[in-house]
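Counting starts at 1 for both ligands and their atoms, following the listed order.
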Amino acid sequence: QRNLGILSSEEIGLAMMLLREGQKHLFDHWPEPGVDDRRKKGFFDQVAQLNANYPGGLESYIQNARKLLADSKAGKNPYDGFIPSVPTGEFLTFGNDNFMMLEEAGVREARRAAFVLVAGGLGERLGYKGIKLALPSETTTGRCFLQHYIESIIALQEASCSLVQDQHEAEIPLVIMTSDDTHKSTLLLLKSNYYFGMKTTQVKLIKQEKVACLADNDARLALDLNDKYKIQTKPHGHGDVHALLYSSGLLNLWQSAGLKWVLFFQDTNGLLFKAIPASLGVSSTKGYHVNSLAVPRKAKEAMGGITKLTYTDGSEIVNNVEYNQLDPLLRATGHADGDVNCETGFSPFPGNINQLILDLGPYIKELSKTRGAIAEFVNPKYKDSTKTCFKSSTRLECMMQDYPKSLPPSVKVAFTVMDKWLAYAPVKNNLEDASKVPKGNPYHSATSGEMAIYKANCLILRKAGVHIADPVTDIFNGQEVELWPRITWSPKWASTFRDVKRKVGECCSISQRSTTVINGQNIFLDGLSLDGALVVNANDQAEVKVTGCVQNKGWALEHVDYKDISIPEETRMRGFKVCKIEQVEINYADPGKFCFES
Ligand code: UGB
């Protein structure tokens, strides 16, 4: 009471709310009025910010926390009363007629889509000191994840407009959710690369804020150990993206501009855009309001499983169940072996890759009820089995894929499963953890993420009729991987399988030790036999046919020692570097029709 004299009426309101919510300890140490007044003001600035950033304010946060902490202490399973079963969904086969039809439908819709990239995570498991978006997705061209994503969106935009013969250029919006850990570096990466060719007005950054930490089971807020006028904060999780999109007003703007789809994706999946057109095609042809992309999942693999959950009252939802909860849930509901592979060699529950496609209309309708608040969870590390004290403060967290949890049954929630080689190869694990992954399970490392891009490009070209040599196996950073020819193409070369088929002709072959860099829109491979390295650069107005026999010493992958700190971290983390020994490089900077015959 004595201290309130220095406060504004809003601050007094916040103070009273904190006292009502059992937070008296925050003020216990406050000295007489006149002492530390500025720091007291600073405390209320932070409280006001924490209050504004949470749907329902800090009061709701504390109340939600108290309830979730009580459930956690009581050992209550969040899935109590739910029976899990394998849901039905769309299973696509790359390259067949249905796949190509869906890709075309997806490209048609792309000009009515907005993309949302969640990139606020620090990547603690990866242990990389920079932002993950700046990492090369592959080192043959050095194209970083953000460049790859942006160029893929621009390519889709152009393909979509040309397919529907839309005269006025659509501009697909890209929103990037950052956090204090990633915001400045993301902006710098964009600015120093001229937004990788995207209009600056197309890209919006929205920053997620951290939430207050909780010191005990009564949800008393934790004070910073070094500053008694500051509340400790930690990240709230990628689920924040929904509340931020809602409060940004962007959703209504998009709807007024005639957009229909919102596509969410993660920071380090170099394959994702190979799967986007067909999965957007599934959403549009089936009229799905929520479509999660999934891949076959190995039992116990560190990715959530898409699960049908039937409640005791008969109601059903299809939602992701995180990998650490799927096994106990199955065991508790009559599956004595828990999360195990079935006869296919995979878990019957498709693996969630956190790529969601939402129909904008129902999404706005739902968010206007929830303001984007997503089901939360708490994961305190207790000191002992009495569960009375925490080892360190905890906080509420939320995940973007839990959006369907609150939806009414009228909303059509489904999923689309694609081959893993085509759709999913994230870079999440550091090399030590990756090298300990049980044989047969994916490494999800920088090494495997890059190898997966080469493999996917090779398999796509094979399907298009190119003779691609078999891979060899090699071991980098303790991980055994398949080493395919290093084939890369810029996203504008092909957005769909039909594009690839159109651009490769008869009798092309590429040997295992080869490298190909295709950098241009209208480059056609026809009767090409490659054994070495070939780089083709062409501007958009040049039409180039590449044919004949190209043979040279090529580009080799040289092993590097991950402990050698004279080598850049981006190289060490994958265990190899590209040594450019000899290549044929052809450049077409002028418009026209050209034929390169070796
Ligand atoms: N992210 C944020 O933007 N903000 C945050 O506060 C946290 C993360 P992780 P996670 O695909 O294999 C997810 O850490 O959460 C961004 C699914 O939950 O890489 O452990 C971050 O920048 C899981 O079901 O993944 O696991 C990154 O882009 C499974 O599908 C993204 O959120 C798993 O991904 C994911 O963050 C997977």
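When only modelled atom types and interatomic distance are considered, Gln479 and Ser445 share a side-chain donor-acceptor pair under 3.5 Å. A donor-acceptor contact closer than 3.5 angstrom is absent between the side chains of Ser137 and Tyr149. In this structure, a donor-acceptor pair under 3.5 Å is present between the side chains of Glu570 and Tyr128. In the model, Tyr195 has no side-chain atom that pairs as donor or acceptor with a side-chain atom of Gln202 under 3.5 Å. Judged by distance alone, the side chains of Glu109 and Ser284 never bring a donor and an acceptor atom under 3.5 Å apart.
The single protein non-hydrogen atom nearest to atom 23 (C) of ligand 1 is Glu322 OE1, 3.4 Å, given as residue, atom name and distance. Of the protein's non-hydrogen atoms, Gly121 N, 3.5 Å is the one closest to atom 1 (N) of ligand 1. For atom 35 (C) of ligand 1, the closest non-hydrogen atom on the protein side is Gln266 OE1, 3.1 Å. Among protein heavy atoms, atom 28 (O) of ligand 1 sits closest to Val118 O, 2.7 Å.
Every atom of ligand 1 with a heavy atom of Arg125 under 4.0 Å away is listed here by number and element: 9 (P), 10 (P), 14 (O), 19 (O), 20 (O), 25 (O). The atoms of ligand 1 that sit less than 4.0 Å from any heavy atom of Gln208 are 2 (C), 3 (O), 4 (N), 5 (C), 6 (O). Distances below 4.0 Å separate heavy atoms of Gly120 from the following atoms of ligand 1: 2 (C), 3 (O), 4 (N), 22 (O). Remark: ligand 1 atoms within the under-4.0 Å shell around heavy atoms of Tyr424 are 11 (O), 12 (O), 37 (C). Interface atoms of ligand 1 facing Asn354, defined by a heavy-atom separation under 4.0 Å, are 13 (C), 17 (C), 18 (O), 34 (O). Atoms of ligand 1 found under 4.0 Å from any heavy atom of Asn320, numbered from 1 in the order shown, are 24 (O). The Gly304 neighbourhood of ligand 1 comprises atoms 23 (C), 24 (O), 29 (C), with distances under 4.0 Å to a heavy atom of that residue.
Contacts between Lys428 and ligand 1 below 4.0 angstrom, taking non-hydrogen atoms only, involve the side chain exclusively. Contact annotation: for Leu117 versus ligand 1, there are no heavy atoms closer than 4.0 Å. Contact annotation for Gln401 and ligand 1: only side-chain heavy atoms (C-beta onward) come within less than 4.0 Å of the ligand. If you look at Met400 next to ligand 1, there are no close heavy atoms at all, none under 4.0 Å.
In terms of polar-atom proximity, Tyr323 is not counted as a contact of ligand 1, lacking any N or O under 3.5 Å from an N or O of the ligand. Residue Met399 places no N or O, backbone or side chain, under 3.5 Å from any N or O of ligand 1. Between Asn352 and ligand 1, a contact under 3.5 Å exists for at least one N or O pair. Considering backbone and side-chain atoms together, His238 places an N or O closer than 3.5 Å to an N or O of ligand 1.
Heavy-atom distances between Pro426 and ligand 1 stay at or above 4.0 Å for every pair. For the pair Ser179 and ligand 1, no heavy-atom separation below 4.0 Å is found.
Residues Glu397 and Lys234 are not paired through a salt bridge, judged by the lack of any N-O separation under 4.0 Å between the basic side chain and the carboxylate.
Within the 4.5 Å cutoff, no side-chain heavy atoms of Asp71 are placed close to those of Pro78.
With a 6.0 Å radius and a threshold of 12 heavy atoms from other residues, nucleotides or ligands, Arg371 has its CZ atom at or below the threshold. The number of heavy atoms from other shown groups lying within 6.0 Å of NZ (Lys199) does not exceed 12.
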### Message
Working note: Arg297 + Tyr424, criterion side chain to side chain contact (heavy atoms under 4.5 Å, CB included); need CA distance, chi angles, decisive distance, verdict.
### Response
CA-CA 11 Å; Arg297 168 184 180 277; Tyr424 190 60; over 6 Å; no
### Task
Go through Asp419 and Lys274 one step at a time and tell me if the salt bridge (charged side-chain N to carboxylate O under 4.0 Å, His left out) criterion holds.
CA-CA 11 Å; Asp419 293 310; Lys274 299 183 190 303; over 6 Å; no
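Figure legend: Lys381 and Phe390 shown without cation-pi pairing, the cationic atom not lying both under 6.0 angstrom from the six-membered ring centre and within 45 degrees of its axis.
Test Arg112, Lys286, Lys260 against Asp359 for salt bridge (Lys or Arg N to Asp or Glu O under 4.0 Å) and you get one pass: Lys260.
Looking at Val211, Asp267, Asp402 and measuring to atom 27 (C) of ligand 1, the nearest heavy atom belongs to Asp267.
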